[in-house]
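Within every chain, numbering begins at 1; the chains are lettered A, B, ... in the order of the sequence lines, protein sequences first and strands thereafter.
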Amino acid sequence: MSRLTPPLPKFLRPAPSRPERDGRPGRTGAPNGKPGEGAKPKRGKQLREGATEGSAKVVGYLDERTGASPFLRGFLYRKVPKGSSWFYTLGSATMFAFISQAVTGIFLAMYYVPDVNRAYDSVAHITHEVFLGELVRGMHRWGSTVMIILIFLHMARTFVFGAYKYPREIQWVIGVVLLVLTLAMGFSGYLLPFDQRSLWATVVGVNINASAPIMGPFIADFLRGGAEFNTATLARYYSLHMLLLPGLIGAMIGAHLYLVAKLGITAPPWLRADKKELAKEEI
Amino acid sequence: MNAREREQYLREYSVLKNQGKPFFPYAVFKDSAMAAIVLMVTIAMAVLLGAELGPKADQTTTTYSPRPEWYFFFLFELLRVVKPPALVFMATMGIPTIWLLMLLLLPFYDRGPERHPLKRPIAMIGAVATVAMMSYLTILGATAGSPSHIELIVPAKHEQGKEVVAANGCLGCHKIGENGNKIGPNLTEVGDRLGRDAIARTLINPTEPMPSYAPLREENPEQFEQMVEFVASLRKEMPAPPKEDAPRDTASVGQGGFGQGGFGRTSVGQK
């Protein structure tokens, strides 16, 4: 059992029982004497044992039917190379920013109406009337900024540490795809409040796409949902912004995480393995 | 990286990994702390900066200046830096696409075994240059004024005319004060050269490629009058443009073929 469980940090390790503290006789006392033996176990202890047994049963039930525990063990107790610093939290922080966007986005979607005539009023309703509406909208609006900054910092860390090199090339490619998807989220979400600022920025964005050779006009028509900005445009951006893009981002994050677990987190490039250890190591 | 270098890397990584600590709870603790910080920063920004909502979108307006979210500033600014119309598609599509492909394919052309940043001078210089360029463009975009804002101080009676001139895209070709382009004649002191009636005649019946403003006179004679009055008032003894740190006007950076006309709308100022 002790080989399967990970080494716990010191403060979490159960303290070994000290004879004096537990009020039991020490080594000098009766050699075979187990003081509690024969007596009725205390109620607290009984409850504790019951809870342990019960939760073990539940875990066993789930594990028998899902086989999740080897996977979870592999994921949670995999080792992270020494020297990993706070820079290594940027990736998970980006993911957390995405989760925060998803949660606030769900609440905004409860009130938002993707219709040219009603979108602005529904956003105004969220901002001015709905309980905590302005806070949630503000979190969603500024969360995009936070997520973009984190994603760039995460990319910078990966670049500086040379972590995109063998064997993590595909990991990098998925990361860049995630960056593009996140920027697409920023672009598609910008139109939704449907105020002047968002409309005209989107018009310019579409015109920029229209200037692409050959494909340009088709891309622009696709982005507008026709030749004009109308309800079809808004519905299109809404659907992209809350179905397709987040779905893709979620899937890509899954792949990204799988590769993190499979390939391991890079060690800082200035760390070198001990020569002796290296000679012993087999792969 | 050849096969030997790859194996050496895996070997070395395996040793370092085994010397490390388990993901749970060590890394999980740091990640959770960071997540809490992210959440607090987001909430703080939401509370302090709020969720602004501008005026309702109006597709018929001609007086709104497009502003993207700040992380797209560099793309917008690229358009203004690139002037020749033939190169505009490079700014809109070419450069971003090339940049993105370079980023996407990075691990496939940078295949050296060295990972230490100080021992990869080319990669690091390239990265720093890219970041510096993007930051520079972002700052340019952030400090840019509206693309057709005229920074001249004019008498109150010409204030309307100034707005009309700005909204009608005159700056796309003409320079007025510190703003505008040099494609057509400089209008800053045009009042000294041409009289009021001559200006009106030129506006109605201009030389190519300037568009005629006859439609404006038919649809909105009052605005046309204001426009003529404003242009005629542009003389040498105009008050000097303000020297304090007014927002830099992007029209002076050049509209190229992608100025107001290219984006379909013009504007007289932000918001």
Separation between [atom1] of [X] and [atom2] of [Y], rounded to the nearest 0.5 Å:
| X | Y | atom1 | atom2 | answer |
| --- | --- | --- | --- | --- |
| A:Thr266 | B:Tyr9 | OG1 | OH | 6.0 Å |
| A:Trp270 | B:Arg115 | CH2 | CZ | 13.0 Å |
| A:Phe96 | B:Asp31 | CZ | CG | 11.5 Å |
| B:Asp58 | A:Trp200 | CG | CH2 | 7.5 Å |
| A:Arg78 | B:Lys21 | CZ | NZ | 16.0 Å |
| A:Ile99 | B:Leu39 | CD1 | CG | 11.0 Å |

By a 4.5 Å heavy-atom criterion (distance strictly below it), what part of [X] contacts chain B: side chain, backbone, both, or neither?
| X | answer |
| --- | --- |
| A:Leu179 | side chain |
| A:Met147 | neither |
| A:Thr145 | both |
| A:Ile149 | side chain |
| A:Tyr190 | side chain |
| A:Val173 | both |
| A:Ile148 | side chain |
| A:Ser85 | backbone |
| A:Thr104 | neither |
| A:Val136 | neither |
| A:Arg168 | side chain |
| A:Trp172 | side chain |
| A:Asp121 | side chain |
| A:Ala124 | both |

After noting the C-alpha distance and the side-chain angles of A:Val160 and B:Met124, does the key distance pass the side-chain contact (heavy atoms from CB on, under 4.5 Å) rule?
CA-CA 7 Å; A:Val160 172; B:Met124 289 310 291; 3.9 Å; yes
If you compare all heavy atoms of [X] against all heavy atoms of [Y], which two are closest, and at what distance to 0.1 Å?
| X | Y | answer |
| --- | --- | --- |
| B:Ala46 | A:Gly138 | CB-C, 3.4 Å |
| B:Leu100 | A:Val176 | CD1-CG1, 4.3 Å |
| B:Met45 | A:Val146 | SD-CG2, 3.8 Å |

Got a donor-acceptor contact below 3.5 angstrom from the [X] side chain to the [Y] backbone?
| X | Y | value |
| --- | --- | --- |
| B:Glu69 | A:Phe187 | no |
| A:Lys79 | B:Lys17 | no |
| A:Tyr120 | B:Gly54 | yes |
| A:Arg137 | B:Glu52 | yes |
| A:Lys165 | B:Glu114 | yes |
| A:Trp142 | B:Gly50 | yes |

Which word best sums up how the rings of A:Phe75 and B:Phe23 line up, parallel for under 30°, tilted for 30 to 60°, or perpendicular for over 60°?
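Perpendicular, since the angle between the ring planes exceeds 60°.
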Among B:Leu49, B:Leu105, B:Val28, B:Thr97, single out the residue with the greatest number of heavy-atom pairs under 4.5 Å to chain A.
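Going by pairs under 4.5 Å, I would pick B:Leu49.
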For chain A, find which of B:Thr42, B:Asp110, B:Leu118, B:Val131 contributes the most heavy-atom pairs closer than 4.5 angstrom.
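Counting heavy-atom pairs under 4.5 Å, the top option is B:Asp110.
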[X] versus chain A, heavy atoms under 4.5 Å apart: side chain, backbone, both or neither?
| X | value |
| --- | --- |
| B:Ala35 | both |
| B:Ala91 | neither |
| B:Met1 | side chain |

Start with the C-alpha distance between B:Leu75 and A:Ile208, add both sets of side-chain angles, then the distance that settles side-chain contact (heavy atoms from CB on, under 4.5 Å), and finish with yes or no.
CA-CA 9 Å; B:Leu75 284 178; A:Ile208 287 176; 5.5 Å; no
Looking at A:Tyr164, I'd like to know if the NZ or CZ of B:Arg120 sits under 6.0 Å from its six-membered ring centre while staying within 45 degrees of the ring's axis.
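So B:Arg120 doesn't make the cation-pi contact.
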Working for salt bridge (charged side-chain N to carboxylate O under 4.0 Å, His left out), residues A:Glu169 and B:Arg111
CA-CA 10 Å; A:Glu169 294 97 330; B:Arg111 300 156 66 101; over 6 Å; no
Are more than 12 heavy atoms, taken from residues, nucleotides or ligands other than A:Arg157, located less than 6.0 Å from that residue's CZ atom?
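More than 12 within 6.0 Å, yes.
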Can you confirm whether A:Glu228 is buried at CD, in the sense that more than 12 heavy atoms of other residues, nucleotides or ligands lie under 6.0 Å from that atom?
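Incorrect, the count does not exceed 12.
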Go through B:Phe76 and A:Val204 one step at a time and tell me if the side-chain contact (heavy atoms from CB on, under 4.5 Å) criterion holds.
CA-CA 9 Å; B:Phe76 265 45; A:Val204 174; 3.2 Å; yes
Evaluate B:Lys30 against A:Tyr88 for side-chain contact (heavy atoms from CB on, under 4.5 Å), listing each step before the verdict.
CA-CA 9 Å; B:Lys30 275 187 187 168; A:Tyr88 284 76; over 6 Å; no
